Amino acid sequence: MEEGKETQGLWRIIKTDKSRRATALNESEKLCSVLISLVQLIRFLPIPFILVMDANPSKCPDLHERAKRIHEPGRVCRELLYLRSKRAKREVPAFTFQALQKGTVVKPPTKIDIFKRRPVKETVFKIYFMRGDIPVALSGRSNKQDPTKDRPLRWHCTPEDLDYCYYLPIFLDGLADIDSDTRLLAVNAAVDLIMRQPHKVLPVLPKLILPLKRAFQTRDKGIIITALQVLQLMVRLGPCVGQALVPFYRQLLAVCNLYKNVNVNLGEGVDPDRSKRIGDVIEDTLKLLEFCGGPNAFINIKYMVPTYESSVFPRCQAQDDAPSRH
């Protein structure tokens with residue numbers, strides 16, 4: 001009898017353990033199902049609503065409070081979008097694999113000011129002048145550069161006896177100098193030499209191209225106007241200088257194409273002084289080069305300055321039409 005009671009007690013213990021295990025499994029399954037449903041619900045909720053729920057975890061809002069907060073998630077979303085748009089993006093160089101990454105912006109190309117004045121190195125004329133190898137000095141000042149008047153210069157020797165192949169390129173190199181007094185001395189000396197012996201300009205012409213090009217490359221309007229005026233004087237006075245300059249148009253006329261349309265719109269007003277406006281000085285220079293450059297001048301000018309129109313009367317066409325009329 002005692003053994004039967006012991007076996008019954010053991011079966012009761014086993015049954016109670018089984019029931020407890022079953023209830024525990026049921027409770028765990030219920031908890032897992034609740035967690036899964038919560039996760040699915042959170043997936044479909046908007047992010048601002050989750051932030052609002054996390055802001056007050058201990059307080060459960062009433063229906064009236066929910067009705068008042070109906071527009072709050074949209075405001076929070078707009079704020080997040082605004083902050084995201086203001087987030088600084090990383091700049092990367094163009095045409096690289098980094099430009100394909102997210103959160104990056106292609107670095108824009110650098111802006112180049114084509115009319116900006118460029119730095120000028122110390123000219124050869126300034127070096128020779130400071131060393132005392134220039135046989136000329138200023139004796140006064142002239143208010144206006146007029147080739148018909150005497151230059152305010154004091155020569156230490158006779159200018160006609162100077163070697164033009166040596167001194168004239170040095171004087172033209174001083175056109176690009178930054179110092180106004182040094183540049184004024186170089187301009188006056190170069191103009192004086194050209195006016196005294198114009199027939200000596202043609203043998204030296206290949207050596208004068210580089211100093212003139214250096215003056216044009218400074219992108220300074222005052223220096224460019226002065227260099228163009230010296231070039232006009234050489235073409236007017238020097239025999240055959242205009243025709244000899246035709247092969248050098250590619251070195252000299254690039255700046256003319258850049259500044260040709262830089263002019264002042266005066267409207268109904270009239271300004272007789274054309275020597276101060278770079279557009280008018282370039283126009284006068286191109287007309288003079290075409291007139292004195294021979295039959296191939298217009299083609300070469302048109303190649304470098306496409307907007308230039310011929311100002312020389314086509315005499316060959318008029319001569320061809322004359323016999324047909326008779």
Side-chain angles (χ1 to χ4, degrees), residues 109-139 141-142 145 151-157 159 162-194 200-201 203-235 238 241 244-245 247-260 262 275-279 281-282 285 289 304-305:
T110 56
K111 295 182 179 180
I112 301 175
D113 189 4
I114 58 176
F115 297 105
K116 183 180 179 181
R117 179 173 178 174
R118 296 181 179 179
V120 182
K121 297 181 180 179
E122 192 175 12
T123 58
V124 179
F125 178 79
K126 184 67 172 293
I127 296 173
Y128 278 55
F129 179 72
M130 297 299 293
R131 202 166 59 186
D133 292 341
I134 301 297
V136 66
L138 286 173
S139 62
R141 289 187 178 273
S142 60
Q145 300 295 329
R151 303 286 101 193
L153 299 175
R154 185 176 70 255
W155 291 95
H156 303 301
C157 62
L162 291 175
D163 186 6
Y164 274 56
C165 293
Y166 180 77
Y167 282 103
L168 190 56
I170 295 175
F171 290 147
L172 287 182
D173 187 74
L175 298 177
D177 202 286
I178 303 174
D179 189 8
S180 60
D181 295 334
T182 307
R183 186 168 64 249
L184 179 63
L185 176 62
V187 171
N188 292 330
V191 171
D192 197 11
L193 287 180
I194 293 170
K200 291 185 178 180
V201 176
V204 199
L205 192 61
K207 295 184 178 181
L208 306 180
I209 302 301
L210 190 60
L212 289 173
K213 183 180 178 182
R214 189 180 296 114
F216 290 149
Q217 287 179 349
T218 57
R219 303 293 173 87
D220 189 346
K221 293 183 180 180
I223 295 176
I224 294 173
I225 289 173
T226 306
L228 288 173
Q229 290 174 352
V230 174
L231 184 63
Q232 291 178 15
L233 186 66
M234 291 167 52
V235 174
V241 174
L245 278 174
F248 303 106
Y249 283 172
R250 295 189 179 184
Q251 285 79 23
L252 299 177
L253 300 185
V255 178
C256 295
N257 185 27
L258 187 63
Y259 286 92
K260 183 177 180 296
V262 178
S275 62
K276 295 182 180 179
R277 299 192 297 270
I278 186 170
V281 175
I282 289 174
T285 305
L289 290 176
M304 295 303 299
V305 187

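Quick caveat: nothing in here was measured; it's all calculated off a predicted structure. Keep in mind that the numbers below use all heavy atoms, side chains included, and drop hydrogens, waters and symmetry copies.
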*With sequence neighbours excluded, give me every ring pair (Phe, Tyr, Trp, His ring centres under 6.0 Å) pair touching residues 170-191.*
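Only F125-F171 qualify under ring pair (Phe, Tyr, Trp, His ring centres under 6.0 Å).
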
_Trace of the side-chain contact (heavy atoms from CB on, under 4.5 Å) decision for D192 with N188_ = CA-CA 6 Å; D192 197 11; N188 292 330; over 6 Å; no

For [X], side chain to side chain donor-acceptor pair (under 3.5 Å) partners two or more places apart:
X: T226; result: none
X: T182; result: D179
X: R131; result: D133

Are side-chain heavy atoms of [X] and [Y] found at a separation under 4.5 Å?
X: P211; Y: L175; answer: no
X: V120; Y: D177; answer: no
X: V187; Y: Q229; answer: no
X: M304; Y: N257; answer: no

Partners meeting side chain to side chain contact (heavy atoms under 4.5 Å, CB included) with [X] (sequence neighbours left out):
X: L231; result: L212, L245, T285
X: K207; result: C165, P169, V204
X: A137; result: R154, H156
X: R118; result: R219

Compare every heavy atom of [Y] with every heavy atom of [X], then report the nearest pair and how far apart it is.
X: L138; Y: D181; result: CD1-O, 4.1 Å
X: V281; Y: Q232; result: O-NE2, 3.5 Å
X: V201; Y: L208; result: CG1-CD1, 4.3 Å
X: L228; Y: F216; result: CD2-CZ, 3.7 Å
X: I223; Y: A215; result: CG2-O, 3.6 Å
X: A176; Y: T218; result: CB-CG2, 4.0 Å

Between [atom1] of [X] and [atom2] of [Y], what distance do you get to the nearest 0.5 Å?
X: I194; Y: L168; atom1: CD1; atom2: CG; result: 5.5 Å
X: K126; Y: R183; atom1: NZ; atom2: CZ; result: 11.0 Å
X: I134; Y: I170; atom1: CD1; atom2: CD1; result: 5.5 Å
X: L162; Y: L193; atom1: CG; atom2: CG; result: 6.0 Å
X: K213; Y: R250; atom1: NZ; atom2: CZ; result: 12.5 Å
X: L185; Y: L153; atom1: CG; atom2: CG; result: 6.5 Å

*Which residue pairs pass the side chain to side chain donor-acceptor pair (under 3.5 Å) test with at least one member in residues 163-176, sequence neighbours excluded?*
D173-R214

_Sequence-distant partners of K260, salt bridge (Lys or Arg N to Asp or Glu O under 4.0 Å), two or more places apart_ =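 In terms of salt bridge (Lys or Arg N to Asp or Glu O under 4.0 Å), with neighbours along the sequence ignored, K260 is linked to E283.
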
*asked:* Going by the rule ring pair (Phe, Tyr, Trp, His ring centres under 6.0 Å), which residues pair with F115 if we only count those two or more places apart in sequence or in a different chain?
replied: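 F115 satisfies ring pair (Phe, Tyr, Trp, His ring centres under 6.0 Å) with Y259 only.
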
*More than 12 non-hydrogen atoms from neighbouring residues, nucleotides or ligands closer than 6.0 Å to OH on Y249, yes or no?*
yes

*Does K200 NZ have over 12 foreign heavy atoms under 6.0 Å away?*
yes

